[in-house]
Amino acid sequence: MSRIVYVNGDYLPEEDAKISVFDRGFLFADGVYEVTSVLDGKLIDFEGHAARLTRSLDELDMPHPISHEALLEVHRKLVADNGIVEGLVYLQITRGAPGDRDFAFPNPEETTPTVVLFTQNKPGLASNVNPVKVISIDDIRWGRRDIKTVQLLYPSMAKMAAKAAGCDDAWLVEDGKVTEGTSNNAYIVKNGKIITRELSTDILHGITRAAVLRFAAEAQMEVEERSFTIAEAQEADEAFFTSASAFVMPVVEIDGAKLNGGKPGPVAARLREIYLEESLKSAI
Ligand code: PDD
């Protein structure tokens, strides 16, 4: 069955949805996105994703083409129309299609942003835990990783390098320190303390990260926000990553070094449990 997707105000079967060849998202990666998870047919942390979207648009001087209320309504309608119980809603906003290719931004009075949303059905999203092996790779992305842009070529290349090495994902390293994963925030645990890189323009300010750190503090778990090296990670008691599409996922191997005997650790397991329980309570 084909999906119903949303394009600029219309709900369409996916095969009928069309975007201009001049769309700046297509030509310049001039667009931002969000991925919101769905559990029990409800949106997890919609407010967090909506707030980060606003910030991404502002940082790029892009007009806000859709109100907060309308955005929520589109998310909910797509979840309902596509019968999503567990899955994801992908949202992308680009600077639009000015009708030609030009490096300069178009006049926002004349070119309106393109808004696209679609769902991804992922049965078992909450129950599937697939412990992950990571490789490390140089982080050569641009310097504004706090803006959630659709410039994802390098993370895709890093993912392919991980697969070629028989692993699942890559942790990106800059100036000797781990920034984040290809599409997730990275953590290690040492002597019960959860360590993750501090927020800056070097990493995406993960919505799952914010929730997990809040829940960890509420559960009296110790958290330290600082960067760490791959060598330190390999010596850690356990490691994990967070994202809207994987929640809290254990990392059991880093550049060939096994953590916790190659088995998921208890801190990641506990955090995943708390995260799922707590975020379902506030899902909308
Ligand atoms: N990725 N860091 C990067 C580079 C990411 O792309 C993501 C999310 C995260 C985690 O952010 P959040 O917890 O808000 O999902 C961190 C999404 C899921 C994706 O690209 O599919």
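In listed order, ligands and their atoms are each counted from 1.
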Query - Which of the ligand 1 atoms, numbered from 1, are nearer than 4.0 Å to a heavy atom of A244 - result: 12 (P), 13 (O), 15 (O)
**Report entry** Any Y90 heavy atom less than 4.0 Å to ligand 1
**Finding:** no
Query raised in the report: Could an N or O of ligand 1 be found under 3.5 Å from any N or O of E180, whether backbone or side chain?
Result: yes
Query raised in the report: Touching ligand 1 at all, R145? Heavy atoms, strictly under 4.0 Å?
Result: no
Query raised in the report: Has ligand 1 got any nitrogen or oxygen that is less than 3.5 angstrom from a nitrogen or oxygen of T208?
Result: yes
**Report entry** R95 and its salt bridge (charged side-chain N to carboxylate O under 4.0 Å, His left out) partner, picked from D23, D61, D30
**Finding:** D30
Query raised in the report: Does the distance from a Lys or Arg side-chain N to an Asp or Glu carboxylate O, for E224 and K190, drop under 4.0 Å?
Result: no
Report task. Please determine if K148 has a nitrogen or oxygen closer than 3.5 Å to a nitrogen or oxygen of ligand 1. Result -> yes
Query raised in the report: Looking only at heavy atoms of L152, does any of them come nearer than 4.0 Å to an atom of ligand 1?
Result: no
Report task. With sequence neighbours excluded, give me every ring pair (Phe, Tyr, Trp, His ring centres under 6.0 Å) pair touching residues 128-155. Result -> none
Requested in this report: Applying side-chain hydrogen bond (donor to acceptor under 3.5 Å, both in side chains) between R141 and each of E180, E174, Q151, report the one that passes.
Outcome: E180
Report task. May I ask you to check whether G181 has an N/O atom sitting below 3.5 Å from an N/O atom of ligand 1? Result -> no
Query raised in the report: Can you check whether R209 has an N/O within less than 3.5 Å of an N/O in ligand 1?
Result: no
Requested in this report: State whether E59 and R144 are salt-bridged, where the test is any N-O pair (Lys NZ or Arg NE/NH1/NH2 against Asp/Glu carboxylate O) under 4.0 Å.
Outcome: yes
Query - Electrostatic pair K122:E86 at N-O distance under 4.0 angstrom - result: no
Query raised in the report: Going hydrophobic residue to hydrophobic residue with side-chain gaps under 4.5 angstrom, can you get from Y6 over to I19?
Result: no
Report task. Could you tell me whether some N/O pair between R52 and ligand 1 is separated by less than 3.5 angstrom? Result -> yes
